[in-house]
Peer 1: 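Below is the structure I would like to discuss, written out as structure tokens.
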Number of protein chains: 2
Amino acid sequence: MTPATGPSRSHTATLSDVARLAGVSIATASKALNGRSQVRAETRQRVIEAAERLSFRPNQLARGLIAGRTGTVGLLTSDLEGRFSIPILMGAEDAFGAGEVAVFLCDARGDAIREQHHVRALLGRRVDGLIVVGSRTDPRPSLGRELPVPVVYAYAPSDDPADLSIVPDNVDAGRISVEHLLACGRTRIAHITGDHGYLAARERAEGALAALEAAGLHLVGVPRFGSWSEGWGRTATAMLLEQHPDVDAVLCGSDQIARGVIEVLRERGHRVPDDVAVMGFDNWQVLTSGSRPLLTSVDMNLEQVGRTAAQALFGAIGGAARSGVEALPCRLAIRGSTAPLS
Amino acid sequence: MTPATGPSRSHTATLSDVARLAGVSIATASKALNGRSQVRAETRQRVIEAAERLSFRPNQLARGLIAGRTGTVGLLTSDLEGRFSIPILMGAEDAFGAGEVAVFLCDARGDAIREQHHVRALLGRRVDGLIVVGSRTDPRPSLGRELPVPVVYAYAPSDDPADLSIVPDNVDAGRISVEHLLACGRTRIAHITGDHGYLAARERAEGALAALEAAGLHLVGVPRFGSWSEGWGRTATAMLLEQHPDVDAVLCGSDQIARGVIEVLRERGHRVPDDVAVMGFDNWQVLTSGSRPLLTSVDMNLEQVGRTAAQALFGAIGGAARSGVEALPCRLAIRGSTAPLS
DNA sequence: CTGTTAGCGCATTCAA
DNA sequence: TTGAATGCGCTAACAG
């Protein structure tokens, strides 16, 4: 292999290579490529051409060293497999990706030690900020106030009110769900939902109950807490029909539960939505679109949560600090399982 | 704000701060912290304490500048929402995360332009390598041979045989599926699968047919290509039962299809698995565990694909280049929907 | 064992 | 308009 002198050198081109090829100093090359106005047009052109010939890519490490800002942020998630983290992550990636910032992804696997390890590693890489994505809406321990960069919590709020957290509004979600069922002419509404240990389950139930009360109605039975699974949806529905065969709507805590509910309703001869309307939660497409009829559900706008968190972080990096828990509205995805009573 | 001189300065501590506090030179501080042996134990101790008092984190940018390696890799995905990318990404993150390397996540949204943009940005940040994750197993355009860093393709292979690609072995997956059904005593096996435009669908069918032939059997009817949905599973099953009411097993191209198949089988009075065994594909937990009975499925070991890709990239960064398409075996997740004929 | 010097790649003074 | 010099934070070569 004869050492070539041209662009074929394996060594990635550096600014000094560009400068030499263009016959100018490093400083001038830098100015030319960065659009500084103190360069003759002809010179600038020569530099730009040289840079292209060498496929020159400015070394962001060097830039970061000088600027003190790296244009990178850390995205700390606790469960990649979880279906909540992903849309949030997409929203954040989306809000950043358009611009100049790159995202470090770290999955702590729900382990506090590993999380701390990742935080240290990210700080070592001089990220400009952190987004912490949780897998459930229960408050989580703050990373602390001592960090040298801003932090925004998404989905799972920090337990420190001095931190900024972006979460979906689950209480309101319960409310709008019930209001939709009422608008469909339903009045005997039951609620089958997930694990009572989840704040999300309790909040949605709370919102639903409040909306019923506001309408002068009561829930059919009590909220049935269980697990977030199809199996629980089936079990709970069997119990429900036994006690309240006249139910005309079931509000579910998840799409999985709703699928189980629909299955048993149909088996027992109840038509959906003619006899009983069913609503899911999460708007998980694989479940809503496979359902017969298509499943009405609540969408938590998680991508929006991610985008908002990213924008807030951006603001905080710029010095505009917010704090507290900001709850974003959910929206209905209305489909066949909740047609109006005719 | 009076300018403090101690550790309370907002400026992140630097090696020179540590050196000053410990009363040594910068070089000595560096050696002490990096475990170089040419430092007196007592001095080292003093430096370490100083570093801790200042919460010193070595600036990886500066290190990267010197070393020429940054300890970062780019993970280029085309569809974050896709259920295939995530496990692969987890596996890769896993294989890296244990060590010293951080992962840049980029979602090109299936857009070649955006992908190119991300590649440039990542190279600017001097990543040590790239993993390109596709959303289907059809070959995709190579990023080219001119890149200054190694690239490994995962799930979707590169169309350039000089590149290294890690993919699941779909042909073999079809084979072991049929062999499992045969082992369950089934002989009248049908195949309902997804879009014929997907290589994955064609390869799985190919493997299944080969295994049947090897056993001296034929498929019941022809492979029924359609879409990857529950709806297609229902439709196809209705047609299948019409033509071949004696079928005793249905091999499905996805878990969604399988769910639709089971639903219609039961509606028509066929018991699963007593009369008809059903197998899914993907081992997507939300679908397999909600199914009644629990759904046997093929797991593509995607995390393993991700891990292998990461390890291969690691090797390539170290100079050990492989190439070609490496197919990793799939495995069966056997559950109630495929019990043996009694 | 410790400190001085040089330089990674770049942007930014300041002179020329 | 251009270029030489300085330094971002750190490591690695040397000299003491």
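Reminder, nothing fancy here: chain letters follow the sequence lines and each chain counts from 1.
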Peer 1: Output the rounded distance in Å from CZ (R46(B)) to P (dC1(C)).
Peer 2: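 To the nearest whole Å, that distance equals 14 Å.
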
Peer 1: Can you list, by residue number, the residues of residues 56-68 of chain A that have a non-hydrogen atom closer than 4.0 angstrom to DNA chain D?
Peer 2: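 Going residue by residue through residues 56-68 of chain A, the ones with a heavy atom under 4.0 Å of DNA chain D turn out to be L65(A), I66(A).
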
Peer 1: Categorize R36(B) for me: base, sugar-phosphate, or nothing, with a 4.0 angstrom heavy-atom threshold over every strand shown.
Peer 2: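 If one applies the 4.0 Å heavy-atom cut-off, R36(B) turns out to touch the sugar-phosphate alone, with no base involved.
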
Peer 1: What pairs of donor and acceptor atoms, side-chain ones from residues 97-106 of chain A against any protein atom, are under 3.5 angstrom apart with sequence neighbours left out?
Peer 2:
none

Peer 1: Using a 3.5 Å distance criterion without hydrogens, assess whether the side chain of R46(A) forms a donor-acceptor pair with backbone atoms of A22(A).
Peer 2: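 Yes, R46(A) side chain to A22(A) backbone: donor-acceptor pair under 3.5 Å.
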
Peer 1: Just how far, in rounded Å, is P of dA11(C) from CG of L33(A)?
Peer 2: 8 Å

Peer 1: List in chain and number order the residues that pass ring pair (Phe, Tyr, Trp, His ring centres under 6.0 Å) with Y153(B), two or more places apart in sequence or in another chain; answer none if no residue qualifies.
Peer 2: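 By the ring pair (Phe, Tyr, Trp, His ring centres under 6.0 Å) rule, Y153(B) matches no residue at all.
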
Peer 1: In terms of side-chain geometry, is the basic nitrogen of R136(A) or D138(A) positioned less than 4.0 Å from the acidic oxygen of its partner?
Peer 2: yes

Peer 1: In sequence, state the C-alpha distance, the side-chain angles, and the governing distance for T70(A) and T72(A), and then conclude on side-chain hydrogen bond (donor to acceptor under 3.5 Å, both in side chains).
Peer 2: CA-CA 5 Å; T70(A) 57; T72(A) 61; 2.7 Å; yes

Peer 1: Sequence neighbours excluded, which residues qualify as ring pair (Phe, Tyr, Trp, His ring centres under 6.0 Å) partners of F96(B)?
Peer 2: none

Peer 1: Look for any protein N or O under 3.5 Å of an N or O in nucleotides 3-6 of chain D and output each such pair with its distance, or none.
Peer 2:
{"unit_1": "dG3(D)", "atom_1": "OP2", "unit_2": "S25(A)", "atom_2": "N", "d": "2.8"}
{"unit_1": "dG3(D)", "atom_1": "OP2", "unit_2": "S25(A)", "atom_2": "OG", "d": "3.3"}
{"unit_1": "dG3(D)", "atom_1": "OP2", "unit_2": "T28(A)", "atom_2": "OG1", "d": "2.9"}
{"unit_1": "dG3(D)", "atom_1": "O6", "unit_2": "K31(A)", "atom_2": "NZ", "d": "2.6"}

Peer 1: What is the minimum heavy-atom distance between I166(B) and A309(B), and which atoms define it?
Peer 2: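 Here I166(B) and A309(B) meet closest at CG1-CA, 4.0 Å.
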
Peer 1: Does a nitrogen or oxygen in the side chain of T14(B) sit under 4.0 Å from OP1 or OP2 of dC10(D)?
Peer 2: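 Result: yes.
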
Peer 1: Check R145(B) against D160(B) and note the closest heavy-atom contact, atom names and distance.
Peer 2: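 Heavy atoms of R145(B) and D160(B) come nearest at NE-OD2, 2.7 Å.
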
Peer 1: Going by an N to O cut-off under 4.0 Å, is there a salt bridge joining R140(B) and D159(B)?
Peer 2: no

Peer 1: Measuring to OP1 and OP2 of dT2(C), would you say a side-chain N or O of T43(B) lies under 4.0 angstrom away?
Peer 2: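 Yes, such a contact exists.
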
Peer 1: Return the 5'-most residue of the pair R126(B), R44(B) with respect to DNA chain C, ranking by each residue's nearest nucleotide.
Peer 2: R44(B)

Peer 1: Take the protein atom CG of L15(B) and the nucleotide atom C1' of dC8(D), then report the distance between them rounded to whole Å.
Peer 2: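 Going from CG in L15(B) over to C1' in dC8(D) covers 13 Å.
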
Peer 1: Side chains of Y155(A) and P168(A), heavy atoms from C-beta outward: is any pair under 4.5 Å?
Peer 2: yes

Peer 1: In whole angstrom, what separates R20(A)'s CZ from dG9(C)'s P?
Peer 2: 11 Å

Peer 1: Where is the tightest heavy-atom contact between D79(A) and D107(A), given as atom of each residue plus distance?
Peer 2: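 Minimum heavy-atom separation between D79(A) and D107(A): N-OD1, 3.6 Å.
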
Peer 1: How far does the helix from dC1(C)-dG16(D) to dA16(C)-dT1(D) bend, going by the axes of its first and last five pairs, to the nearest 10°?
Peer 2: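 The angle separating the two end axes equals 50°.
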
